[in-house]
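Residue numbers start from 1 in every chain, and the chains themselves are labelled A, B, ... in the order their sequence lines are given, proteins ahead of strands. What you see below is based on every heavy atom in this structure, not just the backbone, and it leaves out hydrogens, waters and symmetry mates.
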Protein chains: 2
Amino acid sequence: MGRVTDTAAPERTTTRDRILTAALAAYGTDGYSATSLDALAEQLGIRKQTILYWFPSKQELFEAVIDDAAASLIEAFDMAASTGLTGMAQVEEIIRRVLRLAVRRPELLGLVREVSRPGSLSAARLVDRVAPTFARAADFLSREMDAGRFRRSDPSMLLLSLYSTVVGVAGELEVQRAIGLEPTLRVAVMRRRELVRFLRVALVEPI
Amino acid sequence: MGRVTDTAAPERTTTRDRILTAALAAYGTDGYSATSLDALAEQLGIRKQTILYWFPSKQELFEAVIDDAAASLIEAFDMAASTGLTGMAQVEEIIRRVLRLAVRRPELLGLVREVSRPGSLSAARLVDRVAPTFARAADFLSREMDAGRFRRSDPSMLLLSLYSTVVGVAGELEVQRAIGLEPTLRVAVMRRRELVRFLRVALVEPI
DNA sequence: CGATCCGTCTACCAAGTGGTAGAGAGATGG
DNA sequence: CCATCTCTCTACCACTTGGTAGACGGATCG
């Protein structure tokens with residue numbers, strides 16, 4: 001039935017990991033139902049039954065993928081949040097990381113989009129995983145407001161705004177790609193600058 | 001083979017229209033590949049073959065749906081843009097309309113998301129349809145900058161920012177829904193206020 | 001060496017997929 | 001009243017889907 005949990009043992013990429021990685025990419029870009037187990041297997045050079053050996057069903061593979069993606073997102077976020085920076089410098093650092101993640105691993109944000117579909121049974125799973133990180137971010141904003149570095153407002157609300165803005169910009173890079181305009185590094189950097197200026201004005205400048 | 005174009009004749013809801021409407025809703029919320037012709041037909045109380053009579057293939061139905069959605073989006077936008085307002089008042093009006101559309105017909109933005117997937121063959125189609133409206137909006141921004149009502153910057157870039165921000169907020173309402181928190185009217189209004197303040201500061205206030 | 005376990009495979013299967021062929025019912029019009 | 005056209009249907013079909021059953025080979029271990 002396959003190992004249920006991988007106890008972070010120092011092994012090279014196992015079959016299970018390869019499946020997870022490929023599934024994350026496929027589900028994140030093409031979507032869950034557009035990705036068949038057969039296609040996934042062929043892409044990996046294995047048989048579908050090997051996938052079903054490690055993950056009892058397609059749905060359970062999806063859930064494992066969600067956990068995997070959540071871990072990546074949380075790791076990236078924590079990395080950016082553990083610098084000890086404050087105020088806009090911290091926000092800027094996080095934006096830098098998130099956008100870099102959006103460019104390097106677009107499938108991650110794609111998966112978030114896929115999961116946040118209305119009626120998605122797995123939305124709750126991702127939300128659960130990410131909730132603590134979300135709470136910590138809200139705390140940070142709250143502290144910064146107390147310190148007078150950010151204009152006062154409701155932290156959760158503000159966080160939702162930040163989330164939607166940053167994800168919006170990240171998604172916009174995908175739109176550019178959809179238009180056929182491959183987003184160059186230069187364009188991405190320009191967009192980030194603009195976004196940061198945008199946020200600085202909204203977050204810290206007095207009305 | 002079914003009529004190719006509907007010459008805007010004043011008829012009550014035809015079978016073709018009913019199919020289009022249901023398909024837009026299904027593709028926009030569940031996605032293209034997650035929606036089978038059989039499921040669509042059953043939901044409409046007809047047979048799959050009736051759908052295939054009006055639309056020769058699933059792909060062509062999708063394209064018709066895209067055109068339909070584009071028309072709705074353009075109509076809503078033009079309505080908001082034909083008020084003769086200027087500056088932030090105009091922007092605010094458009095945001096009001098877009099967010100209302102996002103709440104009332106979430107499937108529309110869902111379809112946009114679905115189409116803007118990387119590798120989507122239909123992305124170009126939607127972009128084509130929307131391009132003129134996009135150009136007109138950029139012109140508007142340009143004129144407002146000339147008139148000194150908006151801070152000067154690259155109109156297309158700014159438009160992309162506005163697009164991503166507004167769509168981000170709209171998508172965020174979906175995230176709220178995914179979390180289980182049904183977005184009340186009050187919350188939606190608050191979010192819009194915040195967004196407008198956000199944009200006002202970024203668009204018109206001097207740095 | 002023999003028994004057991006692990007990982008991948010071949011061989012199937014029932015259900016669902018998009019799509020074809022064509023019958024039949026009703027309206028329309030010469 | 002017959003011919004034609006429009007629309008929806010039944011009957012199929014080839015292929016793909018997720019999933020089951022179990023064989024096979026290699027490693028591990030008593």
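- Looking at every heavy atom in both residues, Gln59(A) comes nearest to Ser122(A) through NE2-OG, 3.7 Å.
- One can place CG of Asp38(B) at 17 Å from P of dT8(D), the figure rounded to the nearest angstrom.
- Listed nucleotides dG18(D), dC7(D), dG18(C) differ in distance to Ser36(A); the shortest reach to its side chain belongs to dG18(D).
- The side chain of Tyr53(B) has dT8(D) as its nearest neighbour among dA11(C), dG7(C), dT8(D).
- The separation between Leu61(A) atom CG and dT17(D) atom P is 15 Å, rounded to whole Å.
- Rounded to whole Å, atom P of dG19(D) lies 13 Å from atom CZ of Phe55(A).
- Nearest nucleotide to the side chain of Thr15(A), out of dG18(C), dC9(D), dT8(C): dT8(C).
- A donor-acceptor contact shorter than 3.5 Å links the side chain of Ser36(B) to the backbone of Ala39(B).
- Considering only residues two or more places apart in sequence or on other chains, Asp139(B) meets the salt bridge (Lys or Arg N to Asp or Glu O under 4.0 Å) condition with none of them.
- Considering only the side chain of Gln49(A), dT20(D) comes nearest among dT10(D), dG18(D), dT20(D).
- Considering all non-hydrogen atoms of both residues, Ser57(B) and Leu52(B) come closest at CA-CD2, 4.0 Å.
- Rounded to whole Å, the distance from CD on Glu60(B) to P on dT20(C) is 10 Å.
- Here the side chain of Thr50(B) is nearest to one of dC9(D), dG19(D), dG18(C), namely dC9(D).
- Here dC9(D) presents its C1' atom at 15 Å from CG of Leu44(B), a figure rounded to the nearest Å.
- Nucleic acid contact class of Ser33(A) (heavy atoms, under 4.0 Å, all strands): none.
- One finds no salt bridge joining Asp30(A) and Arg117(B) here, because no Lys/Arg side-chain nitrogen approaches an Asp/Glu carboxylate oxygen to under 4.0 Å.
- Rounded to an integer number of Å, the gap from Ile19(B) CD1 to dT8(D) P is 7 Å.
- Both Lys48(B) and Gly45(B) lie near DNA chain D, and the one whose nearest nucleotide falls closer to the 5' end is Gly45(B).
- Checking dC9(C), dT20(C), dG19(D) against the side-chain heavy atoms of Leu52(B) singles out dT20(C) as nearest.
- What separates CZ of Arg16(A) from P of dC6(C) is a distance of 15 Å, to the nearest Å.
- Checking dT20(D), dC7(D), dT8(C) against every side-chain atom of Trp54(A), the shortest atom distance belongs to dT8(C).
- Not a single donor-acceptor pair, N or O on each side, falls under 3.5 Å between the base of dG19(C) and the side chain of Lys58(B).
- Rounded to a whole Å, the CD1 atom of Ile46(A) is 9 Å from the C1' atom of dT8(C).
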